[in-house]
Amino acid sequence: MKVAIVQNRPEFGNVQENLNRIEEMLVGKTADLYVLPELFATGYRFKDMDEAHHYAELVPGGMTTNFLISLAKKHSAHFIAGLVEIDGDRIFNSSVIVGPHGFVGRYRKIHLFDTEKVCFHAGTEAPPVFDLNGAKVGVMICFDWRFPETARSLALKGAELIAHPSNLVLLHCPQAMITRCLENRVFAITVDRVGDEERISGEKLAFIGQSQVVDPDGNILVRASETEEEVHIVDIDLDKARDKYLNSQNEIFKDRRPDLYR
Ligand code: ACM
């Protein structure tokens, strides 16, 4: 299976230009699954929920989901990417999953980071696992990494690969995801953006790039730069994630002791 990481540099609020740039970046690229950052088309730092509301879209039905579906048709592939979702009077930091046949599903971020708590409602449903042409793909978003239960619960539900749209500002995530992969024997595709935003004077956020693909043995198959827009395509063998044995004696899920801890 070929997976693509698409590390972009969105300009806050310039949704149409940010979408056009993604289309340009993908010309001539071929993969089965493309992962894009959290909030890849809007930028990250909303000032408050009213501003997030202004950029929020229906999922499915909104402009960004439709754009991703058109790319999925064009590339005969699946796409997972972050956007602001509106559902009634609630606003979510969501990821959408689409394929050549259209909308597949969504995930609404459950662990909101810092000022996200004043811009979004927290998701109320468990992170999901989708069967994408036989690949079991779990989805989590950025700060979910800090809660190992997120990746664990996805792996226990059968995820072989975790797609992880992100806008990273904390430095430890790329290294921590290696541990998530070792703990669960899964692949993780963390896709970040680059650049910075100073939407509120004196509160500059710098995004750390370093989008990466990590395998179930903790090997970094590719890691992008800290500063550039980049697309990387990596061939992964999901059988590696289906085998939970470390050696003939240790199967990491069967060896768990939930009778002794929760
Ligand atoms: C984050 O969760 N975007 C830091």
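Atoms within a ligand are numbered from 1 in the order they appear, just like the ligands themselves.
When non-hydrogen atoms are compared, ligand 1 lies under 4.0 Å from the side chain of F113 (C-beta onward) but not from its backbone.
When each atom of ligand 1 is checked for a heavy atom of E116 under 4.0 Å away, the hits are 1 (C), 2 (O), 3 (N).
Using a 4.0 Å heavy-atom cutoff, H111 is absent from the residues neighbouring ligand 1.
Counted within 6.0 Å of CZ on R242, heavy atoms from surrounding residues, nucleotides or ligands total more than 12; the atom is thus considered enclosed. For NZ of K204, the number of neighbouring non-hydrogen atoms (other residues, nucleotides, ligands) closer than 6.0 Å is 12 at most. Remark: H75 NE2 is packed, more than 12 non-hydrogen atoms of other residues, nucleotides or ligands lying under 6.0 Å away.
Hydrophobic clustering (ILVMFWY, side-chain heavy atoms < 4.5 Å, transitive): L221 and V214 are in distinct clusters.
Considering backbone and side-chain atoms together, F143 places an N or O closer than 3.5 Å to an N or O of ligand 1.
Because its NZ or CZ atom is both nearer than 6.0 Å to the ring centre of F12 and within 45° of the ring axis, R199 counts as a cation-pi partner of that residue.
With atom 2 (O) of ligand 1 as the reference point, the heavy atom nearest to it among K109, E38, R45 is part of K109.
Remark: minimum distance from atom 1 (C) of ligand 1 to any protein heavy atom is reached at C142 SG, 3.0 Å.
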